[in-house]
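Worksheet for the structure shown next.
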2 protein chains.
Amino acid sequence: MQAGELAGVLGALGQETRLQIIRILAPLSKGKAPVGLAAGQIAAALGVSPPTLSFHLKDLALRKLVVQKRRGRELIYFANLALILAALGEFVGELEI
Amino acid sequence: MQAGELAGVLGALGQETRLQIIRILAPLSKGKAPVGLAAGQIAAALGVSPPTLSFHLKDLALRKLVVQKRRGRELIYFANLALILAALGEFVGELEI
DNA sequence: TTGACAGTTCAACAGATGTAGAAATCTTGA
DNA sequence: TCAAGATTTCTACATCTGTTGAACTGTCAA
């Protein structure tokens with residue numbers, strides 16, 4: 001993890017809407033066959049407008065905290081749990097030493 | 001952990017200056033006899049002005065991520081590692097389920 | 001090819017945030 | 001009591017952030 005990168009990850013997760021996005025995607029992003037969730041469904045579930053959701057998804061995707069996959073005309077999003085857990089785990093380890 | 005509280009903790013840590021405060025305090029805030037660090041020394045170590053440091057310490061103290069103790073005319077700060085690790089641990093647990 | 005759907009990008013804006021200088025507060029040592 | 005030190009609070013300001021409506025892009029179905 002680069003210097004300054006951890007603050008970026010924590011900051012990205014430290015915003016209510018983005019944290020909710022990760023929380024709703026998490027259980028749908030693991031196991032043998034992750035299913036993910038379409039952008040529109042995330043927006044509906046969270047009660048935010050499409051542009052607002054897209055703004056946050058872009059931020060999360062830039063930091064690779066989510067990944068997207070097209071399915072027809074929908075864009076399916078998945079949480080990158082491996083990266084998130086690695087970042088948090090590294091930080092926890094640093095604090096515990 | 002209350003709803004919305006986790007985002008607050010992550011957000012507080014997701015700012016370079018505040019994250020550095022926690023990082024510099026962490027090793028000085030544990031063990032049998034935590035020593036902590038005076039506000040002025042933190043400011044000097046981080047290269048930020050006293051008002052700026054105070055602004056961030058207030059934010060961290062409000063969320064109980066740091067605690068203070070007076071020693072003469074200095075205010076010694078300690079990271080509340082138990083709380084930070086509990087919050088991160090709870091979140092990690094939620095993502096891993 | 002075209003109409004509708006899904007999502008993003010653009011433009012604009014209010015409000016929040018981070019910072020530093022100046023002033024105020026609190027504590028101690030003489 | 002008083003001067004100096006340590007830190008906070010006040011004030012001001014530039015920048016960043018989150019949100020929205022409007023416009024745009026890409027995809028599919030008929």
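All chains are named by letter (A, B, ...) in the order of the sequence lines, taking the proteins before the strands, and each is independently numbered beginning at 1. As a basis for the values below, the full set of heavy atoms in this structure was taken, side chains included, without hydrogen atoms, waters or symmetry mates. Just so you know, these numbers come straight off a predicted model, no measurement behind them.
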**OP:** Write out all pairs satisfying side chain to side chain donor-acceptor pair (under 3.5 Å) with one or both partners inside residues 74-89 of chain A, taking only residues at least two apart or from two chains.
**Re:** A:Gln68-A:Tyr77, A:Arg71-A:Glu74
Subject >> Members of residues 36-51 of chain B that approach DNA chain D, where some heavy atom sits under 4.0 Å away >> reply: B:Ala38, B:Ala39, B:Gly40, B:Pro50, B:Pro51
Original post:
With sequence neighbours left out, what residues match A:Arg23 under salt bridge (Lys or Arg N to Asp or Glu O under 4.0 Å)?
Top reply: B:Glu94
**OP:** Walking along DNA chain C from 5' to 3', note the first and the last nucleotide with an atom under 4.0 Å from a heavy atom of chain A, and give both.
**Re:** C:dC5 to C:dT9
Original post:
Hey, does the side chain of B:Ser54 come within less than 4.0 Å of D:dT8's phosphate (OP1/OP2), counting only N and O?
Top reply: yes
Acceptor/donor pairs from residues 55-66 of chain A side chains to any protein atom, 3.5 angstrom cut, sequence neighbours excluded:
unit_1, atom_1, unit_2, atom_2, d
A:His56, ND1, A:Arg18, NH1, 3.1
A:Asp59, OD1, A:Arg63, NE, 3.1

Only distances under 3.5 Å count here; give the side-chain donor-acceptor pairs of residues 42-49 of chain B to other protein atoms, sequence neighbours excluded, each with its distance to 0.1 Å.
unit_1, atom_1, unit_2, atom_2, d
B:Ser49, OG, B:Thr52, N, 3.3
B:Ser49, OG, B:Thr52, OG1, 3.0

Subject >> Separation of atom NE2 in B:His56 from atom P in D:dT8, rounded to whole Å >> reply: 13 Å
**OP:** Give a yes or no answer on whether the side chain of B:Glu5 reaches the backbone of B:Gln2 with a donor-acceptor pair at less than 3.5 Å.
**Re:** yes
Original post:
Which other residues end up in the same hydrophobic cluster as A:Val67, if Ile, Leu, Val, Met, Phe, Trp and Tyr are linked when side-chain heavy atoms come under 4.5 Å apart?
Top reply: A:Ile76, A:Phe78
Original post:
How many angstroms lie between atom CD1 of B:Ile22 and atom CG of A:Leu95, to the nearest 0.5 angstrom?
Top reply: 8.0 Å
Original post:
Where along residues 2-11 of chain B does a heavy atom fall under 4.0 Å from DNA chain C?
Top reply: none
Original post:
Any side chain to side chain donor-acceptor pair (under 3.5 Å) pairs touching residues 35-46 of chain B, not counting sequence neighbours?
Top reply: none
Original post:
Which heavy atom of B:Ser29 sits nearest a heavy atom of B:Ala79, and at what distance?
Top reply: OG-N, 2.9 Å
Subject >> Minimum side-chain heavy-atom gap B:Leu25-B:Leu81 below 4.5 Å >> reply: no
Original post:
Do A:Phe91 and A:Val9 have side chains that get closer than 4.5 Å, going by heavy atoms?
Top reply: no
Produce the list of close N/O pairs, under 3.5 Å, pairing protein atoms with atoms of nucleotides 28-30 of chain D; give distances to one decimal.
unit_1, atom_1, unit_2, atom_2, d
D:dC28, O4', A:Arg73, NH2, 3.3
D:dC28, O2, A:Arg73, NH2, 2.7

Original post:
For A:Leu53 and D:dG21, what is the distance between atoms CG and C1' respectively, to the nearest whole Å?
Top reply: 16 Å
Subject >> Separation of atom NZ in B:Lys69 from atom P in D:dT7, rounded to whole Å >> reply: 16 Å
Original post:
Backbone N or O of B:Ile97 within a donor-acceptor pair of the A:Lys30 side chain at under 3.5 Å?
Top reply: yes
Original post:
Is there a residue in residues 57-66 of chain A whose heavy atoms reach under 4.0 Å of DNA chain D, and which residues are they?
Top reply: none
Subject >> Separation of B:Leu13 CG from A:Leu6 CG (nearest 0.5 Å) >> reply: 8.5 Å
**OP:** Starting from the first five and the last five pairs of the helix from C:dT1-D:dA30 to C:dA30-D:dT1, work out the angle between the resulting helix axes, to 10 degrees.
**Re:** 30°
Original post:
Does the side chain of B:Tyr77 get closer than 4.0 angstrom to OP1 or OP2 of D:dA6 through an N or O atom?
Top reply: no
Subject >> Distance, rounded to the nearest Å, where B:Gln68 contributes CD and D:dT8 contributes P >> reply: 7 Å
